[in-house]
Number of protein chains: 4
Amino acid sequence: MKQKKPKYRQIIDAAVIVIAENGYHQAQVSKIAKQAGVADGTIYLYFKNKEDILVSLFQEKMGIFIEKIEEEIELKSSAAEKLYSLIEKHFSLLAEDHHLAIVTQLELRQSNKELRLRINEVLKGYLNVVDKIVTAGQETGEFREDLELRLARQMIFGTIDETVTTWVMNDQKYDLPSQAKKVHDLFVYGFKHLEK
Amino acid sequence: MKQKKPKYRQIIDAAVIVIAENGYHQAQVSKIAKQAGVADGTIYLYFKNKEDILVSLFQEKMGIFIEKIEEEIELKSSAAEKLYSLIEKHFSLLAEDHHLAIVTQLELRQSNKELRLRINEVLKGYLNVVDKIVTAGQETGEFREDLELRLARQMIFGTIDETVTTWVMNDQKYDLPSQAKKVHDLFVYGFKHLEK
Amino acid sequence: MKQKKPKYRQIIDAAVIVIAENGYHQAQVSKIAKQAGVADGTIYLYFKNKEDILVSLFQEKMGIFIEKIEEEIELKSSAAEKLYSLIEKHFSLLAEDHHLAIVTQLELRQSNKELRLRINEVLKGYLNVVDKIVTAGQETGEFREDLELRLARQMIFGTIDETVTTWVMNDQKYDLPSQAKKVHDLFVYGFKHLEK
Amino acid sequence: MKQKKPKYRQIIDAAVIVIAENGYHQAQVSKIAKQAGVADGTIYLYFKNKEDILVSLFQEKMGIFIEKIEEEIELKSSAAEKLYSLIEKHFSLLAEDHHLAIVTQLELRQSNKELRLRINEVLKGYLNVVDKIVTAGQETGEFREDLELRLARQMIFGTIDETVTTWVMNDQKYDLPSQAKKVHDLFVYGFKHLEK
DNA sequence: GATGAATGAGTGTTCATTCAT
DNA sequence: AATGAATGAACACTCATTCAT
C-alpha cells in the first residue's frame with residue numbers, strides 16, 4: 001500500500017488544527033473527531049488511543065521534517081554548509097506552518113512524561129542528522145576533534161529550539177529564517193580549530 | 001523558633017518532593033498536604049489555589065537560584081569568568097538537588113499555558129542576569145559588538161537548559177558540573193572577536 | 001418504543017424521588033443517577049448541570065400541572081366555578097403525588113436565590129391562570145371591580161400554598177382535596193360585591 | 001440578669017446584616033464574626049453552632065415582633081380591629097427593617113428542613129395570636145361560627161406572607177403598610193356571617 | 001473570656017474509551 | 001467500516017468547628 005488511509009491523515013491534520021487553536025488540554029478527542037468530520041468512535045479504528053494520535057502526529061510531521069532537511073543537506077558538501085541548511089530549513093519549515101509551530105513548541109510539551117519519552121524517540125532521528133553533520137565536520141577537519149559530540153548536539157538543538165520557542169511566544173512577529181545566518185555563525189566559531 | 005513562615009516553606013518543599021516522585025499529573029493537593037504533614041485545608045491558608053503552589057514554588061526556588069548565581073558572578077571581574085560562573089553554578093545547584101532538577105526540567109513543563117506564562121515571568125529574572133553579562137562583555141571589548149543580545153541569550157539559555165534536561169533524562173548518571181568548562185568554551189569562541 | 005426521550009423523564013422522575021426521600025441537600029447527582037439507573041455522566045448528556053435538573057423538573061411538572069388545571073377550568077363557565085376547579089385540582093394533583101408535594105412545598109424552597117428566581121419564572125404561568133380567572137370574574141360582574149388583581153392573586157396563591165405546605169408538614173395526614181370547598185368559600189365571599 | 005450579654009445581640013445583629021447583604025449561602029460564620037467584630041471562636045461561646053445563631057436570630061426578632069403586635073392588638077376591642085392591627089403592624093414592622101424583611105422572607109427559607117422545623121416552632125407564637133383573634137371574633141359573633149380555625153389561620157398567614165414576599169421580591173418598591181386595609185377587607189368579608 | 005490557626009469531610013463535572021447497532 | 005450514546009473514575013476546594021494559648 002503506497003498511501004495510508006486518507007482518514008488517518010485527516011485525523012492527524014485535524015489534531016494539529018484543534019491543538020493549535022484550543023491548546024493541548026482543550027483538545028478533546030470529540031473535538032478532533034468533529035474537526036476531522038468523523039464520529040468519535042472512528043478515531044479508534046485508526047489509533048489505539050489519544051496518546052497514539054499525538055505520537056503519530058509527531059512521527060508523521062517530524063518524519064516529513066527530517067526528510068526535507070536531509071534532502072537539503074545532501075546538496076551541500078561542507079559540514080558548515082550542511083549545518084547552515086539544517087538551521088535554515090528548520091526555521092523556514094516551521095515559519096511556513098504556524099499551526100505546527102505552536103503545536104511542537106508549546107502544546108505538545110504539556111504532555112505527560114510517558115508521551116514525551118516517546119516523542120523523544122522520534123526526535124532521535126533529528127538528532128542523528130545533527131550528529132552526522134558534526135562527525136563529518138570533524139572527519140574533514142572543519143571542526144575541532146576535541147569537540148564533544150553530545151555537547152555540540154545539545155548546543156545546536158538547544159539553541160535552535162529556544163530560538164523557535166521565543167519566536168512562537170512572541171506571536172511569530174519577526175522573520176525567523178533570516179536569523180539562520182547569525183545562529184550558524186555562533187555555532188561554527190565555537191566548533192572551529194582554535195587559532196593561535 | 002525563628003523560621004518566618006514554617007508551613008509555607010514546608011508545603012513548597014513537600015510539593016517539590018511529591019511532584020518529583022509522582023509526576024506533575026499525579027501530584028494531588030491531598031498528597032502534597034500529607035507529605036507536608038498538614039491537613040488539606042491548611043494548604044489554602046498559605047496558597048490561593050493549586051496553581052499558586054506551583055508558581056510560588058518556582059518563584060521561591062528560582063529566586064534563591066538567581067541570588068546564588070549573582071553572588072558568584074559578583075566575585076568575578078571579566079565577562080567570560082562571569083559566564084563561566086553562571087554555567088557552573090547553574091549546573092551545580094541542580095546537581096545538588098535532584099528533586100528540584102526533575103521538577104524544573106521535566107514536570108513543571110507539563111503545566112498549562114497560563115501557568116507557564118507566569119513561570120516565564122520568573123524566568124525573566126534569570127535571563128536578565130545573562131543579558132547583563134553579555135552586555136558587560138561587549139562594553140569591555142571581550143565580546144563582539146555585532147553579537148545580537150537576543151541570540152546570545154537564546155544560545156546560552158537554550159544550550160544550558162538542553163544540557164540539564166538531557167542529563168536529567170539520562171537519570172543524572174554522569175557529572176553535570178564538570179561539563180561547565182566545555183560549554184563555556186563553545187560560547188566564548190562564538191562571542192569573541194573574529195581573528196584574521 | 002414510542003417514548004420520546006425516555007432517559008430525560010427517567011432522570012427527572014428519579015430526581016423527584018431522591019429529593020423527596022433524602023432532602024434537597026442530600027440529593028447528590030450520583031444518587032439521582034443511581035435511582036435513574038444510569039451512569040453519573042449520562043445525566044450530563046441530558047442536563048447542563050445539577051441546577052438544570054431541578055429547573056427542568058419544576059418546568060416539566062409544573063407544565064403538566066398548569067395544563068391539567070387549564071383543561072379543568074375550560075369546562076366551567078363562571079369565574080367562581082373556575083376558581084373552585086383551580087383549587088380542587090391543585091389540591092388533588094398534589095395529593096396524588098406525595099413525592100412531588102414534598103419536593104415543591106419543602107425541598108425546592110431550599111434552593112439558592114438564582115434557582116428560585118428561575119423557578120419563579122415558571123410559577124408565573126400558574127399566576128397568569130389565576131389572573132385570568134379573577135379578571136374574567138370582574139368582567140362578568142361576579143367579582144367586585146375594585147378588587148385589586150395583585151392582592152387577589154396573593155391571597156389565592158398564598159392561601160393555597162400555605163394550606164398545602166401545612167398539610168405536607170403534617171405528613172399529609174388528612175384529606176387535602178376535601179378542603180377545597182371551604183377555601184373557595186373564603187375567597188368568593190371576599191371577592192363578591194358588598195351587599196348593603 | 002436583666003440583659004443578655006451585649007455580644008449575644010451583637011452577633012445576631014451582625015448575622016442579619018451579613019445574611020441580608022450576602023445571602024444565606026454566603027453567610028459564613030467567619031463573615032458574621034468579622035461583622036460583629038469578634039473572633040470566629042467567640043461565636044461558639046454564645047451559640048452552640050451555626051444553626052443556633054439562625055434559630056436564635058429568628059426567636060429574638062420574632063419575639064419582639066409578636067410582642068409589639070400584641071401590644072397593638074390589646075388596644076383594640078373588636079376582632080376585626082384587632083385583625084387590622086395585626087396586618088398593619090406586620091407590614092409596618094417589616095417595612096421599617098429592610099434587612100430583616102429580606103432575611104425572613106427570602107434567605108432563611110433556604111435553610112434545611114431541620115432548621116425550618118425549629119423556625120416553625122417559633123412561628124407558632126405568631127399563629128397563636130392569629131388564632132386568638134379568630135376565636136374571639138367567633139365568640140363575640142363577629143365571625144361565622146362555622147369558620148374553620150385552621151383554614152382561617154392559613155388564609156391570614158398565607159396571604160400576609162405572600163404579600164410581604166412579593167413586596168420584597170419587587171425590591172420593596174411600593175408602600176407595604178398602605179396595603180393593610182385592602183387585605184383586611186378581603187379577610188373579613190369571608191369571615192362574616194353570610195347575608196341573605 | 002477571647003482568639004484564630006488548623007482541621008478534614010464531602011461532591012459536581014469532564015472526557016477517553018467502549019460496543020451495540 | 002462507521003456511528004455516537006453511554007460509561008464511571010478521579011479531584012480541587014470550602015467552611016463549620018475545635019482547642020492550645
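Lettering follows sequence order; numbering is per chain, from 1. Because the structure is predicted, anything quoted here is derived from the model rather than measured.
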**Q.** Parallel, tilted or perpendicular, as decided by the 30° and 60° cut-offs, for the rings of Phe65(D) and Tyr126(D)
**A.** tilted
(Q) Less than 4.5 Å apart, side chain to side chain, heavy atoms only: is that true for Ile19(B) and Leu54(B)? (A) yes
Q: Would you indicate whether the side-chain heavy atoms of Leu94(B) and Gln105(B) approach each other to under 4.5 Å?
A: yes
[X] side chain vs [Y] backbone, donor-acceptor pair below 3.5 Å:
{"X": "Arg118(B)", "Y": "Glu51(B)", "result": "no"}
{"X": "Lys61(B)", "Y": "Ile12(B)", "result": "no"}
{"X": "Lys31(A)", "Y": "Gln26(A)", "result": "yes"}
{"X": "Arg109(A)", "Y": "Gln110(B)", "result": "no"}
{"X": "Asn120(D)", "Y": "Leu123(D)", "result": "no"}

Rounded off to whole Å, could you give me the [atom1]-to-[atom2] distance for the [X] and [N] pair?
{"X": "Ile53(C)", "N": "dT11(E)", "atom1": "CD1", "atom2": "P", "result": "15 Å"}
{"X": "Phe47(C)", "N": "dT14(E)", "atom1": "CZ", "atom2": "P", "result": "15 Å"}
{"X": "Ile43(B)", "N": "dG8(E)", "atom1": "CD1", "atom2": "C1'", "result": "13 Å"}
{"X": "Tyr8(A)", "N": "dA2(F)", "atom1": "OH", "atom2": "P", "result": "16 Å"}
{"X": "Lys34(D)", "N": "dA2(E)", "atom1": "NZ", "atom2": "C1'", "result": "18 Å"}

Q | Presence of Tyr46(A) side-chain N/O under 4.0 Å of dA2(F) phosphate oxygens OP1/OP2 | A | yes
Q | Residue-phosphate contact under 4.0 Å: Lys7(B) side-chain N/O, dA6(E) OP1/OP2 | A | yes
Q: Looking only at non-hydrogen atoms, find the nearest pair between Ala20(C) and His99(C) and report the distance.
A: CB-CD2, 3.4 Å
Q: Give the minimum heavy-atom separation between Val16(C) and Val103(C), together with the two atoms involved.
A: O-CG2, 3.5 Å
Q | Salt-bridge present (Lys124(B), Glu121(B); N to O < 4.0 Å) | A | yes
Q: Using both pair distances under 3.5 Å as the test, note the stems of at least 3 consecutive Watson-Crick or G-U pairs that include DNA chain F.
A: E:2-21 with F:2-21
Q | Candidate nucleotides dT7(E), dA5(F), dG4(F), ranked by approach to the side chain of Ala39(A) - the nearest | A | dG4(F)
**Q.** Annotated protein contacts, base or backbone, on nucleotides 15-21 of chain F with a non-hydrogen cut-off under 4.0 Å, one of B, S, - each
**A.** SSBB---
Q | Interface residues of residues 11-23 of chain B with DNA chain F (non-hydrogen, below 4.0 angstrom) | A | none
